[in-house]
2 protein chains.
Amino acid sequence: MSFIKFCYLCAIQQKWMFSKTCEYAIRAVMFITRETKDGKRVGVREIAEGIDSPVHFIAKILQELSKRGIVQSLKGPTGGFYMDGNTLTHTLADIVLAVDGDKLFNGCGLGLSECSEKQPCPLHAEFKKIRKDLHELLARTKLGELQDKFDMSTFYLSRR
Amino acid sequence: MSFIKFCYLCAIQQKWMFSKTCEYAIRAVMFITRETKDGKRVGVREIAEGIDSPVHFIAKILQELSKRGIVQSLKGPTGGFYMDGNTLTHTLADIVLAVDGDKLFNGCGLGLSECSEKQPCPLHAEFKKIRKDLHELLARTKLGELQDKFDMSTFYLSRR
DNA sequence: AAAATAAAAGAGTTTTTTGTCTTTTATTAA
DNA sequence: TTAATAAAAGACAAAAAACTCTTTTATTTT
């Protein structure tokens, strides 16, 4: 409670694996995937509302993802973002890699740049497994397969 | 290479699970654990050098950790930080919890505050397992046991 | 008791991340 | 071909995280 307020470190800073930008990116791509099955397109405003993110911020992120071929886009009326056969073959790992880099999959848990098999940090072996599991999870989840999953049940993408 | 430099998102931002502050915290406590077996104490300068971190920054972090009973400290000449029977029973999870909060163990992978069993995000089930593995790893690693491990083999705590 | 030492406390600064706003460019429908 | 639409681009602004510096307080040694 108030205890938290006076603490320098602690619960004020709440970190998860991904950066906020990356969370938005994943949710945005999922949203586009779900909404554009039949050649439809969605605009940034619709996406921002759908995943409850700042409009201009998600626009920036999507521009980069589109440049990298992770989503498709088209300007002008009836334009917007969409997925096609190609983009649907990408995985969640591709998104994370594009936004947060490969540190999550390869980096040392304690932030040591020189950590390796020969010169391991005290948690090297343990983290290797966790990183591997995480990478496998993200790398086996193709957007196209998520699309099918969306058909069968309800999932939430907005924080409200 | 230069390709990376011009990218808005991407490899510039390299995230891992923990905040940098938390990485420093873990390494500092490990360092203290290793260096203060027989009633010895280590000063911040020595710690900062040992784990290659900014002196004043790690000082701040350690002040907080000492306030929370994760490390012990004593002012004055021959003073410094050290571990005792009590602090050695703490786990790595305690450090992470103190510094980064519990989001890593409990939060939604996509950053949704309302994510739950009833209203899951599309990766809810998958992330649950990863989070659990990570928490178990950190919660079963007691500092005291690490101390024994340090005795038997060499591990690196500095990034150089 | 005085001087020296080392953590505690607190007030900064810098850098990075996150978020906002405006202008430009491409596309399409009328 | 013109007007409307929507993404692309770029320049800013705010907030958070990372880091620095100075002063104070507690402890110990001489």
Side-chain angles (χ1 to χ4, degrees), chain A residues 6-16 18-25 28 32 36 39-49 51-68 70-82 99-101 103 111 159, chain B residues 6-16 18-25 27-28 32 36 40-49 51-68 70-82 99-101 103 111 159:
Chain A
F6 299 102
C7 171
Y8 174 69
L9 312 167
C10 98
I12 291 158
Q13 116 175 302
Q14 285 275 18
K15 285 266 160 190
W16 210 65
F18 308 129
S19 68
K20 224 169 174 197
T21 305
C22 191
E23 289 177 356
Y24 285 148
I32 297 167
T36 64
K40 260 184 270 168
R41 285 159 207 149
V42 275
V44 271
R45 231 157 312 154
E46 202 178 335
I47 296 170
E49 195 158 328
I51 68 169
D52 192 35
S53 78
V55 184
H56 297 285
F57 193 48
I58 198 63
K60 262 287 150 65
I61 298 170
L62 285 172
Q63 274 164 39
E64 197 60 41
L65 292 180
S66 120
K67 210 182 284 177
R68 289 163 163 267
I70 289 174
V71 295
Q72 292 287 353
S73 72
L74 207 71
K75 291 183 181 180
T78 76
F81 293 90
Y82 63 100
V99 179
D100 277 352
K103 197 180 172 190
R159 72 180 155 207
Chain B
F6 299 102
C7 170
Y8 175 69
L9 310 167
C10 96
I12 290 159
Q13 119 174 298
Q14 283 276 20
K15 285 264 162 192
W16 210 66
F18 308 129
S19 68
K20 224 167 172 196
T21 304
C22 192
E23 290 177 355
Y24 286 147
R27 276 154 58 199
I32 297 167
T36 65
K40 259 184 270 166
R41 286 158 206 149
V42 274
V44 271
R45 233 157 311 152
E46 201 179 335
I47 296 169
E49 195 159 328
I51 68 169
D52 192 34
S53 77
V55 184
H56 297 284
F57 193 48
I58 198 65
K60 260 290 148 64
I61 298 171
L62 285 172
Q63 273 165 40
E64 197 59 42
L65 291 180
S66 121
K67 209 183 286 176
R68 290 164 163 264
I70 289 174
V71 295
Q72 292 288 352
S73 72
L74 206 71
K75 291 184 182 180
T78 76
F81 294 91
Y82 63 100
V99 179
D100 278 351
K103 197 180 171 191
R159 73 181 153 206

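Every chain is numbered from 1 and lettered A, B, ... according to where its sequence line falls, protein lines coming before strand lines.
Residues A:Thr21 and A:Phe57 approach most closely at OG1-CZ, 3.6 Å, considering heavy atoms. Here the closest non-hydrogen pair linking A:Ser73 and A:Ser66 is OG-OG, 3.7 Å.
Across all strands, B:Val71 comes closer than 4.0 Å to no nucleic acid atom at all (heavy-atom distances). The residue B:Val44 sits close only to the backbone: its heavy atoms come under 4.0 Å of sugar-phosphate atoms, none of a base.
Between A:Ile58 and A:Gly76, it is A:Ile58 whose nearest contact on DNA chain C lies nearer the 5' terminus. Projected onto DNA chain D by closest heavy-atom contact, B:Arg41 and B:Val55 fall at different nucleotides, the more 5' of which corresponds to B:Val55. Nearest-nucleotide mapping onto DNA chain D: of A:Gln63 and A:Pro77, the residue sitting toward the 5' end is A:Pro77.
Checking C:dA8, C:dG19, D:dA8 against every side-chain atom of A:Lys75, the shortest atom distance belongs to D:dA8. Of the listed nucleotides (D:dA7, C:dT28, D:dA9), D:dA9 has the atom at the smallest distance from the side chain of A:Lys67. Here the side chain of B:Phe81 is nearest to one of C:dG19, D:dA18, C:dA8, namely C:dA8.
Protein atom CZ of B:Phe57 is 16 Å distant from nucleotide atom C1' of C:dA9, rounded to whole Å. Following rounding to the nearest Å, B:Tyr82 (OH) and C:dA6 (P) show an atom-to-atom distance of 16 Å. The NZ-P distance, from A:Lys103 to C:dT16, rounds to 13 Å in whole Å. Rounded to whole Å, atom C1' of D:dA7 lies 12 Å from atom NZ of A:Lys60. Spacing between atom CD1 of A:Ile61 and atom P of C:dT18 amounts to 9 Å, rounded to whole angstrom units. Between the CG atom of A:Leu74 and the C1' atom of D:dA4 there is a distance of 15 Å, rounded to whole Å. Between the NE2 atom of B:His56 and the P atom of D:dT20 there is a distance of 8 Å, given to the nearest Å. Across the protein-nucleic acid pair, A:Arg45 atom CZ and D:dA4 atom P stand 15 Å apart, rounded to whole Å.
Look at A:Thr21 and you'll find a side-chain N or O under 4.0 angstrom from OP1 or OP2 of C:dT18. Proximity of A:Ser66 to the phosphate of D:dA7: no side-chain N or O atom is located under 4.0 Å from OP1 or OP2. The phosphate of D:dA8 (OP1 or OP2) has a side-chain N or O of A:Ser73 nearer than 4.0 angstrom. Dashed line: the shortest gap from a side-chain N or O of A:Tyr24 to OP1 or OP2 of C:dG19 is under 4.0 Å.
Taking CD1 of B:Ile70 as the reference point, atom CD1 of B:Ile61 lies at 12.0 Å (rounded to 0.5 Å).
With hydrogens and angles disregarded, a donor-acceptor distance shorter than 3.5 Å links the side chain of B:Arg41 to the backbone of B:Thr78.
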**OP:** Please step through salt bridge (charged side-chain N to carboxylate O under 4.0 Å, His left out) for the pair A:Lys67 and A:Glu64, ending with a clear verdict.
**Re:** CA-CA 5 Å; A:Lys67 210 182 284 177; A:Glu64 197 60 41; 3.8 Å; yes
